[in-house]
Amino acid sequence: MSAAADDRKSSVEGTPMGGGPVKGAAEITGGYLNYTFIVLNLILSWFGFFLVLCSLSALQNQINKHQDIQTSVNDFYVSQTRGPDDFHAYAVNAGYPALPPGRLLRFEWFVFFLTLVTLSIVNLALIGRITRQTRSMMVGYMAVNLALAIYSTNRIYDLSHFSGHGKYYHSARATFTGFIFLDIGFFGLIYLLGLEF
């Protein structure tokens with residue numbers, strides 16, 4: 001081999017498609033401190049995601065146990081005396097008195113699965129070291145998801161006061177806590193990934 005071929009080979013080795021030296025994930029995301037905060041917010045978001053999964057499932061189970069009760073507005077007023085386990089008030093408090101109780105958490109489940117997609121995109125971008133190329137897409141997904149998660153947080157908080165004891169209350173409060181973790185994590189990720197680096 002000639003000296004020119006050796007020089008060309010050494011300048012291409014270790015570079016992505018010959019476009020410069022390979023950079024680590026910390027260098028791509030603005031330094032090790034910024035990368036550490038991104039990872040911490042990502043961990044917080046995943047923790048909130050799994051907390052929402054467990055507690056929202058338990059809350060859905062509590063509501064489905066009482067799905068056999070009729071949920072029309074007229075029945076709600078007649079059944080005020082049935083006790084704290086009556087889920088007629090749940091539909092009225094949610095603003096959807098015509099829905100059966102088992103369908104009231106559909107929006108929260110939608111936000112949950114959108115969160116799964118969003119967190120997966122962020123993880124893949126960090127692992128694939130393409131955060132600069134996908135920054136606007138990630139921030140856009142997270143902004144939409146943050147707005148929906150804040151709405152779900154408020155809705156679950158309001159509905160958690162329907163019954164002040166038992167498994168329903170604890171499931172609702174844990175779901176509320178999980179959505180709070182998601183809100184904080186997404187806000188931090190939007191800020192950190194939106195920085196110019």
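Predicted model, so just to flag it, every value in this text is computed and none were measured. No hydrogens, no waters, no symmetry mates; every other heavy atom, side chains included, goes into these values.
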Find the distance between [atom1] ([X]) and [atom2] ([Y]) and round it off to the nearest 0.5 Å.
X    : Y    : atom1 : atom2 : value
Y35  : L42  : OH    : CG    : 9.0 Å
D183 : I150 : CG    : CD1   : 5.0 Å
L148 : L182 : CG    : CG    : 11.5 Å
W46  : T115 : CH2   : OG1   : 9.5 Å
T131 : M137 : OG1   : CE    : 11.0 Å
L193 : R135 : CG    : CZ    : 8.0 Å

(request) Verify the cluster assignment for Y141 and L124: are they in a single hydrophobic cluster under the rule of side-chain heavy atoms below 4.5 Å apart? (result)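 Different clusters.
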(message) Grouping I, L, V, M, F, W and Y whenever their side-chain heavy atoms are under 4.5 Å apart, do M142 and I127 come out in a common cluster?
(response)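 Unlinked, M142 and I127 end up in two clusters.
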Would you name the heavy atoms of [X] and [Y] that are closest together and state the gap between them?
X    : Y    : result
I184 : N41  : O-OD1, 3.9 Å
I121 : M138 : CG2-CG, 4.0 Å
L119 : S45  : CD2-CB, 3.6 Å

For residues 49-58, which side-chain donor-acceptor pairs fall under 3.5 Å, sequence neighbours excluded?
from: S55; atom 1: OG; to: L51; atom 2: O; distance (Å): 2.6
from: S55; atom 1: OG; to: T175; atom 2: N; distance (Å): 3.2
from: S55; atom 1: OG; to: T175; atom 2: OG1; distance (Å): 3.0
from: S57; atom 1: OG; to: L53; atom 2: O; distance (Å): 2.7

(message) Quick check on F176: does its CZ atom have over 12 non-hydrogen neighbours (other residues, nucleotides or ligands) under 6.0 Å away?
(response)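 It does: F176 CZ has more than 12 such atoms within range.
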(request) For atom CZ of F107, decide whether the heavy atoms of other residues, nucleotides or ligands shown that lie under 6.0 angstrom number more than 12. (result)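 Yes.
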(request) Examine distances only and state if a side-chain atom of N145 and a backbone atom of L114 form a donor-acceptor pair shorter than 3.5 Å. (result)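 Confirmed, N145 side chain pairs with L114 backbone.
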(request) Side-chain contact test, heavy atoms from C-beta onward, threshold under 4.5 Å: evaluate it for L105 versus I156 and give yes or no. (result)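 Sidechains of I156 and L105: in contact.
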(message) I'd like to check the side chain to side chain contact (heavy atoms under 4.5 Å, CB included) partners of N154; sequence neighbours left out, ordered by chain and number.
(response)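 Side chain to side chain contact (heavy atoms under 4.5 Å, CB included) check on N154 returns D158.
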